[in-house]
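Both ligands and their constituent atoms are indexed starting at 1 by order of listing. What you see is a predicted model; the values in this text were computed from it and never measured.
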Amino acid sequence: MHLSLCYSPLSPFCRKVRLAMDHKQLAFSLVETDSLQDLPVWNPRAEVPILLHGDFAVFNSPDILAYLDRAYPDAPIYPSEARRHAEVRAWERLADTQLDAIVTVIGTWSFADLPPMPPGLFDAAQRDIGVIYDQLQAQLADGRAWVAGEIGAADYALYPHVAAGSALGLKFDPERHPDVQRWFKALRARPEARIDTAAVRDWWAQREHKDVDTTRVNWGTHRLEWLLANGHADWFAAQVRQGKVLWSTGPKNNAYNSPLAPAWARAMVARQAVGDANSA
Ligand SMILES: N[C@@H](CCC(=O)N[C@@H](CS)C(=O)NCC(=O)O)C(=O)O
């Protein structure tokens, strides 16, 4: 059965999945998309990555990795032993939630048309990422090669954020985090990471030709929480009022507007448009 991955090299979750698929040496095609209109299947949150296995769709990156590990058990990315599995999941979750929030919020200024970054936000990012790198340093300080034993989901979840963070000036400190640096260099040299790096470079080299919505941003879950928790609720409210925010939930859910959305969702959007016109 054919495997394909709906993917954007800008997305750390897509990068994680691709790294894991290349680690498993799977044959797959990429459906590269910068626009949700291109998504070939329905995901209720209209987010990538989406894995297609034949006509079966899996979304949410940890669910995709778990599916892949069951469908293709060679070169496992999760340990089978309960405690080690929980440890890998904890690192993956930290990457997907805490680290993603910091790096992706700051990274949004590198591609979207936004007012200047609110004062203090970059300092908050440096402070919070430093705490995470301290944790990672403590984990790696015993000289282990990979975050939780064999290379796998923990490493592939963390790596895209650490790489993007470096590019954005949110670096680990080689003196305070020498083992993070050692781990990062070792991972970066692997074949699956070289494919990932090349894909990110190609995307930025082709930036001018990319159909990415730079006027509206889908901040999403933990990213939004981190922005608000750092005191920027008013800044964000102004973005909402100006119609510059996209949503993966609620009545304006991106997915409802997709031409590929199910009929009930399109009907709901149509009803809402009539309601908006009547109240105008
Ligand atoms: N929990 C999801 C999060 C996926 C996610 O947030 N994807 C972002 C890109 S990094 C997305 O597609 N956002 C929708 C948008 O930008 O409109 C996962 O792990 O796959």
Side-chain angles (χ1 to χ4, degrees), residues 4-21 30-52 57-69 77-78 88-114 153-154 156-165 167-168 196 199-200 203 210-227 239-240 243-250 252-261 265:
S4 49
L5 177 65
C6 304
Y7 161 93
S8 161
L10 276 193
S11 160
F13 303 110
C14 293
R15 293 173 65 185
K16 168 177 58 162
V17 173
R18 189 177 186 184
L19 284 161
M21 292 177 83
L30 284 176
V31 181
E32 248 191 85
T33 177
D34 296 309
S35 155
L36 108 104
Q37 309 284 320
D38 299 335
L39 293 183
V41 288
W42 168 249
N43 169 350
R45 289 183 59 84
E47 291 169 343
V48 286
I50 299 169
L51 180 78
L52 297 173
V58 191
F59 39 82
N60 193 39
S61 58
D63 295 330
I64 296 175
L65 293 202
Y67 178 84
L68 288 170
D69 234 16
I77 41 183
Y78 291 106
V88 168
R89 281 291 302 128
W91 281 105
E92 183 180 13
R93 198 167 50 253
L94 177 144
D96 289 359
T97 59
Q98 298 179 50
L99 198 48
D100 172 67
I102 301 164
V103 175
T104 306
V105 165
I106 298 300
T108 302
W109 269 267
S110 62
F111 77 88
D113 302 324
L114 291 169
Y156 295 135
L158 289 160
Y159 177 79
H161 301 297
V162 179
L168 294 165
D196 169 75
V200 175
W203 193 94
K210 297 288 179 186
D211 180 25
V212 60
D213 186 347
T214 57
T215 58
R216 297 176 303 161
V217 174
N218 187 335
W219 295 85
T221 58
H222 301 277
R223 301 167 181 174
L224 184 52
E225 184 186 22
W226 185 76
L227 185 68
Q239 292 290 297
V240 176
K244 294 174 77 178
V245 174
L246 291 169
W247 300 101
S248 288
T249 188
K252 292 194 164 41
N253 183 344
N254 252 347
Y256 295 165
N257 290 305
S258 167
L260 302 149

S61 side, atom OG; D96 side, atom CG - distance, nearest 0.5 Å |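 The CG atom of D96 is 4.5 Å from OG of S61, to the nearest 0.5 Å.
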
Should you measure from each heavy atom of [X], which atoms of ligand 1 turn up under 4.0 Å away?
X	answer
R223	10 (S)
P62	19 (O)
A46	14 (C)
S11	9 (C), 10 (S)

Candidate with minimal heavy-atom separation from atom 19 (O) of ligand 1, of S248, S61, G107 |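 It is S61 whose heavy atom sits nearest to atom 19 (O) of ligand 1.
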
Select the closest option to atom 15 (C) of ligand 1 among L246, N218, I50, judged by heavy-atom distance.
->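 Shortest heavy-atom distance from atom 15 (C) of ligand 1: N218.
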
So, D69 side chain and Y78 main chain: donor-acceptor pair closer than 3.5 Å or not?
->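 It does hold such a pair.
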
For the side chain of T104 and the backbone of A101, is there at least one donor-acceptor N/O pair under 3.5 Å apart?
->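 Pair absent, no side-chain N/O of T104 close to backbone of A101.
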
What is the minimum heavy-atom distance between N253 and P44, and which atoms define it?
->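 Residues N253 and P44, closest heavy atoms: ND2-O, 2.9 Å.
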
W226 and V105: side chain to side chain contact (heavy atoms under 4.5 Å, CB included), yes or no, with the steps?
-> CA-CA 8 Å; W226 185 76; V105 165; 3.8 Å; yes

Cationic tip of R18 within the cone over Y7's six-membered ring, i.e. under 6.0 Å and within 45° of the normal?
->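 The answer is yes; both the distance and angle limits are met.
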
Does some non-hydrogen atom of N60 fall short of 4.0 Å from ligand 1?
->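 Right, N60 reaches ligand 1.
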
Please state which part of V48 comes within less than 4.0 Å of ligand 1, counting heavy atoms only: side chain, backbone, both or neither.
->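 V48 to ligand 1: contacts from backbone and side chain alike.
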
